[in-house]
K.L.:
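One structure coming up, written as structure tokens, with questions to follow.
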Amino acid sequence: MIKRLTRKFFVRPTLEVAKDLLGKFLVRKYKNKILAGKIVETEAYIGPQDKASHGYKMKRTKRNRAEYLIGGHVYIYLVYGMYWQLNISTEKRGLPRCVLIRALEPVIIEENQKSKNKKLTSGPGKLCRYLKLDKSFYGEDLTKSKRIWIEDRGIKIKKSEIVARPRIGIDYAGKYWANKKWRFYIKGNLFVSKK
DNA sequence: GTACAGATTGAG
DNA sequence: TCAATCTGTACT
């Protein structure tokens with residue numbers, strides 16, 4: 001059973017969406033080919049109270065406006081001048097909340113190639129490069145787009161398989177927010193980003 | 001206008 | 001351990 005995730009899936013509490021995205025498939029159509037990967041690691045950013053969120057205190061800039069869209073839209077931006085970060089907006093319009101996709105497990109894959117493919121998608125910057133994502137996807141609607149969407153292929157991740165840990169690279173937000181366990185990944189999965 | 005640092009990565 | 005290199009923000 002394969003079905004595309006609808007608006008309803010994304011318009012729910014951000015922490016639930018972040019956990020439920022584990023085991024779903026991110027699908028990208030590129031030059032008539034399908035690139036897909038199972039989502040194995042996510043992080044939740046919950047503005048306006050979350051100090052690590054770009055929408056802290058409802059801050060709005062040209063770059064982060066997509067974070068305020070209703071759940072199911074792409075919020076993609078450049079960090080460190082070279083890497084794209086793929087986020088998906090959540091909840092209702094006007095709230096700066098989103099889920100960062102941190103790692104995928106590529107679908108293609110012969111078993112003996114696993115170690116080689118690992119470095120393709122085991123990090124937020126790498127998976128965007130792998131899926132050929134860039135600014136042209138800014139604000140794309142995942143429930144309607146013909147070139148990127150998310151599918152439920154019937155895989156169910158048990159609660160006992162989900163690990164919750166502090167988010168990565170946000171020490172600037174202070175101990176309180178940096179220690180929140182809003183990073184989720186599938187226990188034991190090889191493609192989860194390192195650290 | 002200038003200075004600075006960030007939701008990262010890979011090389012040394 | 002550090003450089004690569006773009007963008008928003010906080011200054012001058």
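What you are looking at is a predicted structure, and each value in this text was computed from that prediction instead of being measured. What's counted below: heavy atoms across the whole structure, side chains too, no hydrogens, waters or symmetry copies.
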K.L.:
Between B/dG6 atom C1' and A/Ile168 atom CD1, what is the distance in whole Å?
P.N.:
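Taking atom C1' of B/dG6 as the reference, CD1 of A/Ile168 is at 15 Å.
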K.L.:
Measure the shortest side-chain to side-chain distance between A/Leu131 and A/Leu104 over non-hydrogen atoms and say whether it is less than 4.5 angstrom.
P.N.:
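Side-chain contact under 4.5 Å: yes.
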K.L.:
NZ of A/Lys126 versus P of C/dA4: gap in Å, rounded?
P.N.:
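To the nearest whole Å, that distance equals 20 Å.
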K.L.:
For residues 162-175 of chain A, which residue pairs pass the salt bridge (Lys or Arg N to Asp or Glu O under 4.0 Å) check, not counting sequence neighbours?
P.N.:
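Salt bridge (Lys or Arg N to Asp or Glu O under 4.0 Å) check on residues 162-175 of chain A returns A/Asp50-A/Arg167.
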K.L.:
Do the non-hydrogen side-chain atoms of A/Leu21 and A/Leu5 ever get within less than 4.5 Å of each other?
P.N.:
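Side chain of A/Leu21 against side chain of A/Leu5, heavy atoms only: contact under 4.5 Å found.
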K.L.:
Roughly, in whole Å, what's the span from CG in A/Leu127 to P in B/dG10?
P.N.:
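It works out to 12 Å between those atoms.
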K.L.:
Please confirm whether the backbone N or O of A/Met58 pairs with a side-chain atom of A/Tyr68, one donor and one acceptor, at under 3.5 Å?
P.N.:
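A pair under 3.5 Å: yes.
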K.L.:
Whole Å only: how far is the CZ atom of A/Arg63 from the C1' atom of C/dT9?
P.N.:
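Going from CZ in A/Arg63 over to C1' in C/dT9 covers 11 Å.
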K.L.:
Between CG of A/Leu35 and NZ of A/Lys29, what distance do you get to the nearest 0.5 Å?
P.N.:
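The distance works out to 12.0 Å.
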K.L.:
Does the A/Asn64 side chain pair with the main chain of A/Lys59, one donor and one acceptor, at a distance under 3.5 Å?
P.N.:
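Answer holds: yes.
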K.L.:
Expressed in angstrom and rounded to an integer, what is the separation of A/His54 atom NE2 from C/dT7 atom P?
P.N.:
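Taking atom P of C/dT7 as the reference, NE2 of A/His54 is at 14 Å.
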K.L.:
Any side-chain to backbone donor/acceptor pair from A/Thr42 onto A/Ala18? Under 3.5 Å, distance only.
P.N.:
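Such a contact is found between A/Thr42 side chain and A/Ala18 backbone.
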K.L.:
Table please: side-chain donor-acceptor pairs of residues 70-86 of chain A below 3.5 Å, with sequence neighbours left out.
P.N.:
residue : atom : partner : partner atom : Å
A/His73 : ND1  : A/Ile70 : O            : 2.9
A/Tyr75 : OH   : A/His54 : ND1          : 2.7

K.L.:
For A/Lys59, report the nucleic acid contact type (base, sugar-phosphate, nothing); a contact means any heavy atom under 4.0 Å.
P.N.:
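Here A/Lys59 touches the backbone only, sparing every base.
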K.L.:
Mark yes or no: A/Arg28 above the aromatic ring of A/Tyr130, with NZ or CZ under 6.0 Å from the six-membered ring centre and no more than 45 degrees from the axis.
P.N.:
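Relative to the ring axis of A/Tyr130, which defines the angle, A/Arg28 lies outside at least one limit.
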K.L.:
Which residues in residues 14-28 of chain A have a heavy atom closer than 4.0 Å to any atom of DNA chain C?
P.N.:
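Here the set is empty: none.
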K.L.:
From C-beta outward on A/Arg102, which listed nucleotide comes closest to its side chain: B/dT8, C/dT7, B/dG10?
P.N.:
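It is B/dT8.
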K.L.:
Starting at atom CD1 of A/Ile76, determine the distance to atom P of C/dC6, rounded to an integer number of angstrom.
P.N.:
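Computing the A/Ile76:CD1 to C/dC6:P distance gives 16 Å.
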K.L.:
Would you mind reading off the distance between A/Lys51 atom NZ and B/dG6 atom P, rounded to a whole angstrom?
P.N.:
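To the nearest whole Å, that distance equals 13 Å.
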K.L.:
Could you write out DNA chain C as a dot-bracket string, with dots for unpaired bases, | for bases paired across to another strand, and Watson-Crick or G-U pairs counted at under 3.5 Å?
P.N.:
||||.||||||.
K.L.:
Measure CG/A/Leu100 against P/B/dG6 and give the value in whole Å, please.
P.N.:
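After rounding, the reported distance stands at 17 Å.
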K.L.:
Check every strand shown and say whether A/Arg60 touches a base, only sugar-phosphate, or nothing at a heavy-atom separation below 4.0 Å.
P.N.:
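It contacts nothing in the nucleic acid.
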K.L.:
Under 3.5 Å, side-chain donor or acceptor atoms of residues 150-160 of chain A against the rest of the protein: list the pairs with distances, not counting sequence neighbours.
P.N.:
residue  : atom : partner  : partner atom : Å
A/Glu151 : OE1  : A/Arg153 : NE           : 2.8
A/Glu151 : OE1  : A/Arg153 : NH2          : 3.1
A/Glu151 : OE2  : A/Trp149 : NE1          : 3.0
A/Asp152 : OD1  : A/Gly154 : N            : 2.7

K.L.:
Is the distance from OP1 or OP2 of B/dT9 to the nearest side-chain N or O of A/Lys194 less than 4.0 Å?
P.N.:
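Indeed not, no polar side-chain atom of A/Lys194 lies that close.
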K.L.:
With rounding to the nearest 0.5 Å, note down the distance linking NZ in A/Lys181 to CG in A/Leu15.
P.N.:
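Here the interatomic distance stands at 13.5 Å.
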K.L.:
Could A/Arg12 and A/Phe9 be counted as a cation-pi pair, given that NZ or CZ must be under 6.0 Å from the ring centre and within 45° of the axis?
P.N.:
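Relative to the ring axis of A/Phe9, which defines the angle, A/Arg12 lies inside both limits.
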K.L.:
Quick check on contacts: within residues 77-87 of chain A, what sits under 4.0 Å from DNA chain C by heavy-atom distance?
P.N.:
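Those residues are A/Leu78, A/Tyr80, A/Gly81, A/Met82.
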